[in-house]
J.: 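Take this structure first; my questions come after.
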Amino acid sequence: MTSEPTPKREEMPKAFNPALVEASLYSRWQASGAFAPREAPGEEPYTIIMPPPNLTGELHLGHAMMDTVEDILIRWRRMQGRPALWLPGVDHAAIAVHTLIERQLAEEGLTRHDIGREAFLERTWQFVNANRARIFEQHKRLGISADWSRESFTMDPGPAKAVRTIFVDLYEKGLIYRGNRLINWCPGCQSALSDLEVDHEDVASFLWHVRYPLIDEQGQATGDYITIATTRPETIVADTAIAVHPDDPRYRHLHGQRARLPIIGRELPIVPDEAIDPEFGSGALKVTPGHDPTDFEIGERHGLPVVSAINVDGTLNEEAGPYAGMDRFAAREVLVRDLKEQGYLVKEEPHSHAVGHCSRCGSVVEPLISEQWFVAMKQEYGDHEPGPSAGAGPGFRRSIAGDALRAVRDGWVGPDGVKKQVRMVPERHTKVYENWLENIRDWCISRQIWWGHRIPVWYCDDCGEMTVAIEDPSRCVHCASESVRQDEDTLDTWFSSALWPLSTLGWPEETDDLRSFYPTSVMETNYDIIFLWVARMIMMGIFARDDVPFEHVYFHGTVRDDQGQRMSKSKNNGVDPLLLTHRYGSDAVRFKLITAGGTGNDQRLEEPRIEAARNFANKLWNAARFVLGDIEPGQRVQALDPSDRASLAAADRWILSRLERVVGDVDRLLERFELGEAGRTVHDFVWDELCDWYLEIAKIRLREQASADRDGDRSEGSHLPQANPERVQNNQSPLPVLVYVLDSCLRLLHPFMPYVTEEIWSGSGDLRSHLPEDAAASLIVATYPRPAQVWRDEAAERELGAVMSVVRAVRNLRRERGIDAGRRLEAYVVGDETLQRHAATIEALARVGPLHIVAERSAAPADSVATAVLDDAQIILPIASLFDFAAERENLEKQRAQASADVERLEKQLANESFTARAPAAVVEEARERLAAAASRLAGVEARLAELG
RNA sequence: GGGCGAUUAGCUCAGCUGGUUAGAGCGUCUGUUUUACACACAGAAGGUCACAGGUUCGAGCCCUGUAUCGCCCACCA
C-alpha cells in the first residue's frame, strides 16, 4: 500500500458531458446487436411496434415523448432477459405528401394532371427515398434502442400486400362496398375525407330567415309563406323539400302542402319529420339532401329527390341556375342579396355555429354526394358460429366495430384460446373508445389522390363488372376481357396504418416474426389518435387474425409550450428536441419528459426542469467518480453475501435495505406503467439517501481506513480505539456495498438515462470491471434488478434514522443559534448506546467534537447550552458566550408547543373507541408508538424548561 | 347537447389500495471553496389540497352538487 492518494481517473471529467459520449455509445450499442431481440427460448417475447412518424414531419416533442416511453419499456424488458422487439417504421402520410408534391409542382407552374400519374409518383418516390433515412437519424439522437434491421415503411411491398389482402377479404365478406353517398368533401384537397378528418370549429356567421311562398294545387301562390332559417343560403338551389316537426301546431295544417323555392322556382313538398327541432329558428327546415347529412336522411325517409349543386372544386353547377359557375361563398353573398331584393329575406341574425374544416388543409368541408368506397362497421358477417371467440357466448354476432368493442370491454378469445382484454392506460380512455364505437358510422376509405395504396379493384370495359384481387389481374374475372382499368382512387392512409402491427411482422405471410411477436405487448401513442388509429388497429387486427393486435395501449400526454399552449406550426411555438438534447443531453430531456408529470397527463415544457434533470445526471456521474476514485484499477470488490450480513456496518445494512425497497417499488411501478413515479423513486433514492447520507458516511470510513493504513505503515500501534469492537466493525470497507448500490442504481436508471449510466458502467467509468463477477459487456444487456427480501433490515433502518435525526438536529441548532458553520464544537447527545457506534459519523456530519454520548441527561452540562429534544434523544451543545437565555427559552417553548400538540392529537385519536376498534391493528399500534415518542419528547422539553427556570 | 380531464406552496407539477404533521423541482431567504459534484452542500420560510354538502374511526384521495379553465365527441338547420 502506498500513502499516495489513489490517482483519480483522468478520463472521467468533473462534469458529465453528454456531447462527448452519446454518439459513440449509440454506435457501440447498435454494432453490438443489442437492439435486436435476443434469442431466449422459453422467455416470453415483448413487442412494441413504433407508431410510424410521417415522412413529411420533423422531429417534435411528441416524438421525443413517444421515443422515451417506448425506449424505457423496451430497455427494461430487455434487461429482464426477455426477447424484446421494438420495431420502427415510417408512414407514407398520403395526403400530406401528396399535397407537398403538388405544392412543389405549383411552384413550377404545373399541376399533377400536367405531368400525369406516373411521373407524379416517380417524383414522390424520389422525395420519399431522400427523406426516409433522415427521419430516424433524428430519433436516434434520443438514444432509442429500436431494431433498425426490421425498419418498415407502409408503402413497402410487404405492407402493400397486407393492404390488398385485407381489402379483398373484407370485400369478399361484404364488409367493403362502393356506394353513392353523402360524404365529406374537401375542395382544397379535392378528395373525400372520413368523418375523423373533419375538424369542427365554431364560426361566427348569420342565420338567415327566408320565406318560401306557399302554393295551391294548381301551383299558384296562395299569398301565404312559410319561413325557414338557414346558415347556408347558397344551398337553397338544391332544396327539395321543407320539413317541420309533426307535432308543431304552427305547421300542422301545412303537412302535405307545397311551397315554391325562391329564385329557382322548384315546387317543394312540406313534410313532417321528427328530426326537426321546433325551438330552432322558425321551426321549419329547408331540406337539402345533396348537401347536408341530416337532410340526406330526411330525404331518404320521405323519398325526396337529391339535387347536387356543388362541384368538387366548390363552385356551383348548372343546378344553381343564375349562380352556376360561382364559388360557393361568392354565391352565398349574391344569393342573400337577391333574396333581400326580391323580398324573400325576413331577417338576418348573427349566429355562431360549427363548421367542418379539412384537418389537413383547413378548407371548409363540403358534404356532397359522391361514389366512394366504405368499410361497413356494424354489419354482421361470418357464419355466426362462436368460433374462436367462444367466450362471447350464445347469440354472438361478429361485426368490425362490435368485435373491437368486445376486445376492450369483455376481452377477446384468440386462436390460442386465451382471453385477452385490451387494457388502456390511463384507463379513462376506455370509455371514450367504447362510446365512439357504439356510435360509429361507416368508414369512407377512398381518396381522390395519387400517393398511397391504390384501390385493388379493376373495372371491365366490356361487361362492366369489378375484379377485386390481391395481384394485378390481366383480365376480367367475369368475362375474361383484357380491357380492365384499375380504380383511380387510393386508400385512406389510416387504412394501411390499421394493419401496422400485422404488416410490420410480415402478415399475411406466416413469418417467424409474426408467430413470435404477434400479438404485440404494448401500443404506445398519443391519445389524440385513439379513433383514427388505435381503434382501427384493433378492428383490423381482430378481423385479419382473430386476435387482438396488442394487450396494452399506453397513451402519453401532449407536451405543450411553457405557457401551456399546444405547440403548432401556425403558432410558431414549437421547440426542437434536438436543440434541447444538444443543450442538456438526451438523458436530461428524457428524464424530464418522463418524471415531470403524471401518467398520460399533458405537461409543459419547462427548461428549468430539464436543467434539474441534467443536474441529476451530473450528480450520478459524480457519485460514480467518488466511488471509482477509491478503487484501484483492476480491483474487483468482494461479493456481498446476505447470510453474512452481521459483518456489515449498520449503514451498509441500512442502504441495502433501502435499495431493496426501491427495487421493489420500481418493479411494481413499471409493471403498472407508472414510469414517472418509478423514475422519481430512483432519483430520490440516489440523491437524498445514497449521495446525501451513505456516500458521506462512507467517506468518513474510507478516511479512517486510510489513516489507519498510514499509521499501520509507521508502527503496529494505532490511535484508533481498537478495544471498541463497534469501531472495528464500523471500519469495514464500505467499497463492496458502494459498488453494489451504485451498480444497482445504474441498472435501475438505465432505461431512463441510458447514456450516463452506460458511460459509468462500461465507458470511461468502467464500473463493470470492479464487480465481483464477470458481467455483461454493456449495461444495455445487463440484468435488471429484481425485487427480493434478503436485505430488508428494519433495525438498521431505525438505527440510521436515529443517526440522521441527531445530525439534522445539531445542524439545525447551529443555524438557529448562529454558530459558524466551520466551527467544530463539543456536543452531548443523551440517547441510546447504539448511537455510540456512529460517533465518528455524527462528529463528521454535524461537525462536532468531541462528542459525548451519554445515557442520562445529568451527565451533560446544564448551563449555557442549546438544547434540542428528539423522540428518543436530546442534543446538548455547550455554546458558552453565544448562549442567549431568551433564545433558548423561546426555542424550547416552540418545541413544547409542537410536542404537546402532537400528544394531544394522538391522545384524542386513541381515546376514540371506534378508531381503536375499527382501524387496522398496525395503524393503531403506530399511533401508540408515535404517542409514546411525542410524550417522551414533551417530558424532555419540559424538564429542560424547568431547569432553565 | 353529451363525455373526459384539471383546480394542491410564489411558479410548474407529483401524491399508489383512504391511514404520520401533504411532497418535489424552480424561485425566495440565511450560510458554506466541506477532497464526487457550486450542475454542489447545510438550514429556513411558504399550503383552508377550488367551493358546499355527504360517507367513514379516519378524506387531497370515495360519493353528490356548484364554480372556473381546458380538451374530445355530436347532423340544432
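Note that this is a predicted model, so its numbers are computed, not measured. Below, chain A is the first sequence line, B the second, and so on; all start at residue 1.
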J.: Classify A:Ala596 by what it touches in the nucleic acid, base, sugar-phosphate, or nothing, heavy-atom distance under 4.0 Å.
T.: sugar-phosphate

J.: Is there a donor N/O on one and an acceptor N/O on the other, under 3.5 Å, for the side chain of A:Lys14 and the base of B:rC37?
T.: no

J.: Using atom P of each nucleotide, how far apart are B:rG2 and B:rG47 to the nearest Å?
T.: 40 Å

J.: Compare the minimum distances between each of B:rC4, B:rC75, B:rA77 and the side chain of A:Thr294, then state the nucleotide with the smallest one.
T.: B:rC75

J.: Closest nucleotide of RNA chain B for A:Pro293 versus for A:Arg930: which of these residues is on the 5' side?
T.: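 Residue closer to the 5' terminus by nearest nucleotide: A:Arg930.
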
J.: If you define the side chain from C-beta out and look only at heavy atoms, does anything of A:His302 sit under 4.5 Å from A:Thr240?
T.: no

J.: With P as the reference atom in both, quote the distance from B:rC69 to B:rC26 in angstrom, rounded to an integer.
T.: 33 Å

J.: Please give the distance between the C1' atoms of B:rC71 and B:rA77 as a whole number of Å.
T.: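 My reading of the C1' atoms in B:rC71 and B:rA77 gives 26 Å.
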
J.: Strictly by modelled atom types, are A:Glu197 and A:Ser194 linked by a side-chain donor-acceptor pair under 3.5 Å?
T.: yes

J.: Could you verify whether a donor N or O on one side chain and an acceptor N or O on the other, from A:Asn812 and A:Arg815, lie under 3.5 Å apart?
T.: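 The criterion, which ignores hydrogens and geometry beyond distance, is not satisfied for A:Arg815 and A:Asn812.
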
J.: Could you work out the separation of B:rA9 and B:rG60 based on their P atoms and round it to a whole Å?
T.: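 Each nucleotide's P atom is 15 Å from the other's.
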
J.: Let's see if you can work this out: which of B:rG43, B:rC13, B:rC4 has an atom nearest to the side-chain heavy atoms of A:Arg808?
T.: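 Minimum distance to the A:Arg808 side chain belongs to B:rG43.
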
J.: Reckon A:Asp277 touches a base, only the sugar-phosphate, or nothing at all at heavy-atom distances under 4.0 Å?
T.: base

J.: Look at the side chain of A:Glu677 and decide which nucleotide, out of B:rA77, B:rG15, B:rC4, has an atom nearest to it.
T.: B:rG15

J.: Looking at B:rC76, B:rA40, B:rC37, which one has an atom nearest to any side-chain atom of A:Phe280?
T.: B:rC76

J.: Would you classify A:Trp208 as touching base, sugar-phosphate or nothing, given that sugar-phosphate means primed atoms plus P, OP1 and OP2, and contacts are heavy atoms under 4.0 Å?
T.: nothing

J.: Which whole-number value in Å describes the distance from A:Arg614 CZ to B:rA38 C1'?
T.: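 Rounded to whole Å, this separation is 12 Å.
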
J.: From B:rU20, B:rU21, B:rU12, pick the nucleotide closest to the side chain of A:Glu926?
T.: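 My answer, after comparing the listed nucleotides, is B:rU20.
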
J.: Quick one: the side chain of A:Arg847 and the base of B:rU34, do they pair up donor-acceptor inside 3.5 Å?
T.: no

J.: So what does A:Ile276 touch, heavy atoms closer than 4.0 Å: a base, only the sugar-phosphate, or nothing?
T.: base

J.: A:Asp871 and A:Arg937: salt bridge (charged side-chain N to carboxylate O under 4.0 Å, His left out), yes or no, with the steps?
T.: CA-CA 5 Å; A:Asp871 285 352; A:Arg937 185 150 42 93; 2.7 Å; yes

J.: Check if the side chain of A:Glu696 and the base of B:rA36 share a donor-acceptor pair of N or O atoms closer than 3.5 Å.
T.: yes

J.: Rounding to the closest angstrom, what is the interatomic distance between B:rG46 and B:rU55 at atom C1'?
T.: 33 Å

J.: Look at the side chain of A:Arg609 and the base of B:rC13, then say whether one donor and one acceptor between them are separated by less than 3.5 Å.
T.: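 Per atom types, no contact qualifies.
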
J.: Expressed as a whole number of Å, how far does the P atom of B:rC62 sit from that of B:rC4?
T.: 14 Å

J.: Side chain of A:Asn601 only, heavy atoms from C-beta on: which candidate in B:rA14, B:rC75, B:rC26 is closest?
T.: B:rA14

J.: Once you apply a heavy-atom cut-off of 4.0 Å, does A:Phe531 come out as touching a base, just sugar-phosphate, or nothing?
T.: sugar-phosphate

J.: Dump the intermediate steps for salt bridge (charged side-chain N to carboxylate O under 4.0 Å, His left out) on A:Glu696 and A:Lys699, then the final yes or no.
T.: CA-CA 5 Å; A:Glu696 294 303 324; A:Lys699 217 181 261 181; 3.1 Å; yes

J.: If you measure from the C1' atom in B:rC16 to the same atom in B:rC73, how many Å do you get, rounded?
T.: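 One C1' to the other, the span is 31 Å.
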
J.: Side chain of A:Thr231 only, please: which of B:rA42, B:rG3, B:rA77 is the nearest?
T.: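 Closest nucleotide to the A:Thr231 side chain: B:rA77.
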
J.: If a stem is a run of at least 3 consecutive Watson-Crick or G-U pairs, both distances under 3.5 Å, which stems include RNA chain B?
T.: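 Output for stems: B:1-7 with B:67-73, B:10-13 with B:23-26, B:28-32 with B:40-44, B:50-54 with B:62-66.
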
J.: Would you indicate what A:Gly597 reaches in the nucleic acid, counting non-hydrogen atoms under 4.0 angstrom: base, sugar-phosphate, or nothing?
T.: sugar-phosphate

J.: Under the 3.5 Å rule, do the base of B:rA36 and the side chain of A:Lys699 count as making a donor-acceptor pair?
T.: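 Yes, the side chain and the base share a sub-3.5 Å donor-acceptor pair.
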
J.: Over all strands shown, is A:His683 touching base, sugar-phosphate only, or nothing at heavy-atom distances under 4.0 angstrom?
T.: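 If one applies the 4.0 Å heavy-atom cut-off, A:His683 turns out to touch nothing in the nucleic acid.
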
J.: Please classify the nucleic acid contact of A:Arg604 as base, sugar-phosphate, or nothing, using heavy-atom distances under 4.0 Å.
T.: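 Contact class for A:Arg604: sugar-phosphate only.
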
J.: Indicate, with a heavy-atom threshold strictly under 4.0 Å, whether A:Val923 touches base, sugar-phosphate, or nothing.
T.: base

J.: Between A:Gln603, A:Glu611, A:Glu606, which is the residue that forms a side chain to side chain donor-acceptor pair (under 3.5 Å) with A:Lys592?
T.: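 With A:Lys592 as partner, side chain to side chain donor-acceptor pair (under 3.5 Å) holds for just one option, A:Gln603.
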
J.: Looking at B:rG19, B:rA14, B:rG3, which one has an atom nearest to any side-chain atom of A:Phe915?
T.: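 Of all the options, the side chain of A:Phe915 is nearest to B:rG19.
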
J.: Give one of base, sugar-phosphate or nothing for A:Arg668, where a contact means two heavy atoms less than 4.0 Å apart.
T.: base

J.: Parallel under 30°, tilted from 30 to 60°, perpendicular over 60°: which one fits the rings of A:Phe752 and A:Phe591?
T.: perpendicular

J.: Stepwise, does the side chain to side chain contact (heavy atoms under 4.5 Å, CB included) test hold for A:Leu339 with A:Trp208?
T.: CA-CA 10 Å; A:Leu339 288 170; A:Trp208 287 278; over 6 Å; no

J.: Using 4.0 Å as the upper bound for N to carboxylate O, is an ion pair formed by A:Arg672 and A:Glu677?
T.: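 Between A:Arg672 and A:Glu677 there is no salt bridge, as every charged N stays at least 4.0 Å from the carboxylate O atoms.
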
J.: Determine: side-chain N/O of A:Arg811 to OP1/OP2 of B:rA44, distance under 4.0 Å, yes or no.
T.: no

J.: Looking at A:Lys894 and A:Glu890, is there a salt bridge between them, counting it only when a charged N and a carboxylate O are closer than 4.0 Å?
T.: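 No, no charged N to carboxylate O under 4.0 Å.
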
J.: Below the 4.0 Å mark, does B:rU21 have OP1 or OP2 next to a side-chain nitrogen or oxygen of A:Arg905?
T.: yes

J.: Which listed nucleotide (B:rC75, B:rA36, B:rU20) is nearest to the side chain of A:Arg625?
T.: B:rA36

J.: Contact class for A:Pro920 (heavy atom, under 4.0 Å): base, sugar-phosphate, or nothing?
T.: base

J.: Heavy atoms from C-beta onward define the side chain here; which of B:rA40, B:rU21, B:rG25 lies closest to that of A:Asp902?
T.: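 Side chain of A:Asp902 sits closest to B:rU21.
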
J.: Please classify the nucleic acid contact of A:Arg441 as base, sugar-phosphate, or nothing, using heavy-atom distances under 4.0 Å.
T.: sugar-phosphate

J.: Given atom CG of A:Asn435 and atom C1' of B:rC72, what is their separation to the nearest angstrom?
T.: 10 Å

J.: Could you check whether A:Arg232 pairs with A:Asp295 (Lys NZ or Arg NE/NH1/NH2 to Asp/Glu carboxylate O, under 4.0 Å)?
T.: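 Not counted as a salt bridge, because no side-chain N and carboxylate O are separated by less than 4.0 Å.
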
J.: At 4.0 Å (heavy atoms only), tell me whether A:Ala612 reaches a base, stays on the sugar-phosphate, or touches nothing.
T.: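 Here A:Ala612 touches the backbone only, sparing every base.
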
J.: OP1, OP2 of B:rA40 versus side-chain N and O of A:Lys619: anything below 4.0 Å?
T.: no

J.: Could you pick out which residue, A:Phe616 or A:Leu695, lies toward the 5' side of RNA chain B when each is mapped onto its nearest nucleotide?
T.: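 Nearest-nucleotide comparison on RNA chain B picks A:Leu695.
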
J.: Could you state the CG-C1' distance from A:Asn526 to B:rC71, rounded to the nearest angstrom?
T.: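 In whole Å, B:rC71 C1' and A:Asn526 CG are 12 Å from each other.
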
J.: How far, in whole Å, is B:rU66 from B:rC13 if one measures between their C1' atoms?
T.: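 The answer is 26 Å between these two C1' atoms.
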
